[in-house]
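Worth knowing before you read on, the calculation uses all heavy atoms, side chains too, and leaves out hydrogens, waters and symmetry mates. Bear in mind the structure is a predicted one, so any value in this text is a computation, not a measurement.
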Amino acid sequence: MKNLTLIITLFFFQISFAQNPIIQTKFTADPAPMVYKDTVFLYTSHDEDDAFGFKMKNWLLYTSTDMVNWTDHGIVASLKDFKWTDPENGAWAPQVIERNGKFYMYCPMPGQRGIGVLVADNPYGPFKDPIGKPLVKNSGDDIDPTVLIDDGGQAYLYWGNPNLWYVKLNEDMISVNGDVVKDPSIAKVKGSPDPFHYQEGPWAWKRNGKYYMAYASTCCPEGIGYAMGKSATGPWEFKGMIMDSDKRSNGNHPGIIEYKGKTYVFGFNYNIGKQTMSKHYERRSVCVSEMKYNADGTIQKLPFWNPEGVQRIATLNPYKKVEAETIAFSEGLKTEKMTEWERNNPYDTGKKITDRIVVSSVNNGDYIKVQGVEFSKGSQSIEVSVAALYGGKIEIHTDSIDGPVLGTVTVKGKAEGDIFRTIKTPVKNMKGIHDLYFVFRGDRDLFYFDWWKFNAD
């Protein structure tokens, strides 16, 4: 009986503290990862909390340097950035790529208006429309853009559902060079077999002289298939599945990167939404798995998104400010952008103090898990920045949600949700690498949580 109890306990522990999906505070889909310098920039589409079908108005950004803790940077671009399109709905799968120090975001437009492009001077934005019109307007297939810059510098833009199309881009990345081509090797031919099972969501890359095209395969549900070619324009040869379709996830959309010696494939499932809803809604959540190649360059098939996610590949420094929205896993919480104003009298906002991304919807029992915090110098105190609603406490547990308490921060203020204060609290001395759980206690909406930082002396 004791063994059975242990097995049940371990089962629920894995379900409760799994690392996939990697974002829990918002619904995210269509992952578009980009490696720039030492950081993974993960751009995603965004399903609204009340979505039945596809209700999508903007694109989000998350970053990580360890593949387990992801920092929310909020909305990085939206349909409103394109003055020539419908701003209300249709912000589907994007991709961002860097070239010559600028960052180009390719976005499908709602209502078959084509594919647009935005440009920024850094990966965080702001992104702006440099041409004021579609970059490509070809057919009803104009969704899911992906970009590959070949070794010689030639850039290619690919897209399409249910056909694969491509066009060369000029070096400026905001104009095309030549005609749009319907790929003949993957093109749908009525009445003929379709060995590729290509559906949508292409993702192109090159590795060791071989060209790859991954894509959402067969609808619905969708898996992730892939093909290989000898050039950026094929011809493509179907090689198999990176991940088989699974009835637990209606769709899929690959995004693939190499980072710190490993290869990762991103996609999505519906697990967060299904925790509370029994019927199908387009409220998706991004996931990640490590992907491995065989000696001949083919790809080893993965199981459906494993709940454990991927292994941590770096540690987190607790002695500098860590944004509270840097999260490995959480429960019950949201994140949002807040602007703090002086507000010196009822009729004047006064000067803007700052913009913040904060953790919100903080209630009793909710928690944030942060992985791999390296206490190289020990710990004597913690500082947190909060804005009190009704007040409450932050219990800091180590290594498990009910592990030893490192310290407890008491937020005594009330009715100060528009004023952020820093609270400093003594903690036990801790050394080594540990996971931290910030567990929130109180009666109702407690506070907004902005950042935390440990002190060694």
Side-chain angles (χ1 to χ4, degrees), residues 17 19 22 25 37-40 62-73 124 259-260 310-331 333 335 340 353-360 362 366-388 391-413 416 419-442 446-457:
F17 304 105
Q19 303 308 300
I22 60 174
T25 55
K37 295 185 177 179
D38 191 45
T39 300
V40 176
Y62 299 84
T63 60
S64 180
T65 56
D66 57 22
M67 292 302 297
V68 293
N69 298 302
W70 293 91
T71 301
D72 187 345
H73 297 273
Y124 301 97
Y259 182 59
K260 294 184 178 179
V310 298
Q311 292 183 345
R312 175 176 55 81
I313 57 174
T315 57
L316 189 147
N317 179 4
Y319 307 116
K320 64 179 183 179
K321 287 182 180 180
V322 179
E323 297 297 328
E325 63 275 12
T326 299
I327 298 171
F329 203 80
S330 66
E331 189 166 308
L333 303 168
T335 54
E340 186 177 4
I353 297 174
T354 190
D355 289 322
R356 308 172 189 264
I357 303 291
V358 301
V359 173
S360 60
V362 182
D366 296 344
Y367 70 89
I368 293 171
K369 177 185 178 181
V370 182
Q371 280 198 37
V373 181
E374 186 172 9
F375 291 94
S376 58
K377 300 183 290 187
S379 58
Q380 297 298 323
S381 64
I382 186 173
E383 297 176 60
V384 301
S385 175
V386 294
K393 295 183 177 182
I394 306 174
E395 295 177 355
I396 307 164
H397 294 256
T398 55
D399 299 320
S400 69
I401 196 168
D402 57 357
V405 177
L406 184 59
T408 301
V409 178
T410 300
V411 182
K412 294 180 179 179
E416 294 183 341
I419 301 173
F420 281 84
R421 302 188 187 278
T422 299
I423 301 173
K424 187 174 182 179
T425 303
V427 297
K428 296 177 183 177
N429 191 28
M430 172 73 72
K431 286 195 173 183
I433 299 173
H434 297 272
D435 295 346
L436 295 184
Y437 291 76
F438 295 86
V439 183
F440 306 109
R441 303 295 184 192
L446 307 183
F447 39 74
Y448 298 119
F449 189 11
D450 188 18
W451 54 262
W452 55 269
K453 172 180 174 291
F454 279 88
N455 302 300
D457 48 29

[X]: ring-ring contact (aromatic ring centres under 6.0 Å, His included) partners, not counting sequence neighbours:
X    : answer
Y448 : none
Y124 : F41, H73
H397 : none

Between K431 and N429, do the side chains contain a donor N or O and an acceptor N or O under 3.5 Å apart? no
Taken in chain and number order and not counting sequence neighbours, the residues that satisfy salt bridge (Lys or Arg N to Asp or Glu O under 4.0 Å) with D457 are none
Can you name the salt bridge (Lys or Arg N to Asp or Glu O under 4.0 Å) partners of R312, sequence neighbours left out? none
Under 4.5 Å between any side-chain heavy atoms of F375 and T398, yes or no? no
From [X] [atom1] over to [Y] [atom2], what is the distance, rounded to the nearest 0.5 angstrom?
X    : Y    : atom1 : atom2 : answer
Y319 : F454 : OH    : CZ    : 9.0 Å
W451 : R356 : CH2   : CZ    : 9.5 Å
K369 : I327 : NZ    : CD1   : 13.0 Å
W70  : S64  : CH2   : OG    : 4.5 Å
N317 : E374 : CG    : CD    : 8.0 Å
T354 : F420 : OG1   : CZ    : 9.5 Å

Where does the angle between the aromatic ring planes of F440 and F447 fall among parallel (under 30°), tilted (30 to 60°) and perpendicular (over 60°)? perpendicular
Within 6.0 Å of NZ in K393, more than 12 heavy atoms from elsewhere: no
Atom pairs and distances, side-chain donor-acceptor, residues 405-413, under 3.5 Å, sequence neighbours left out:
none

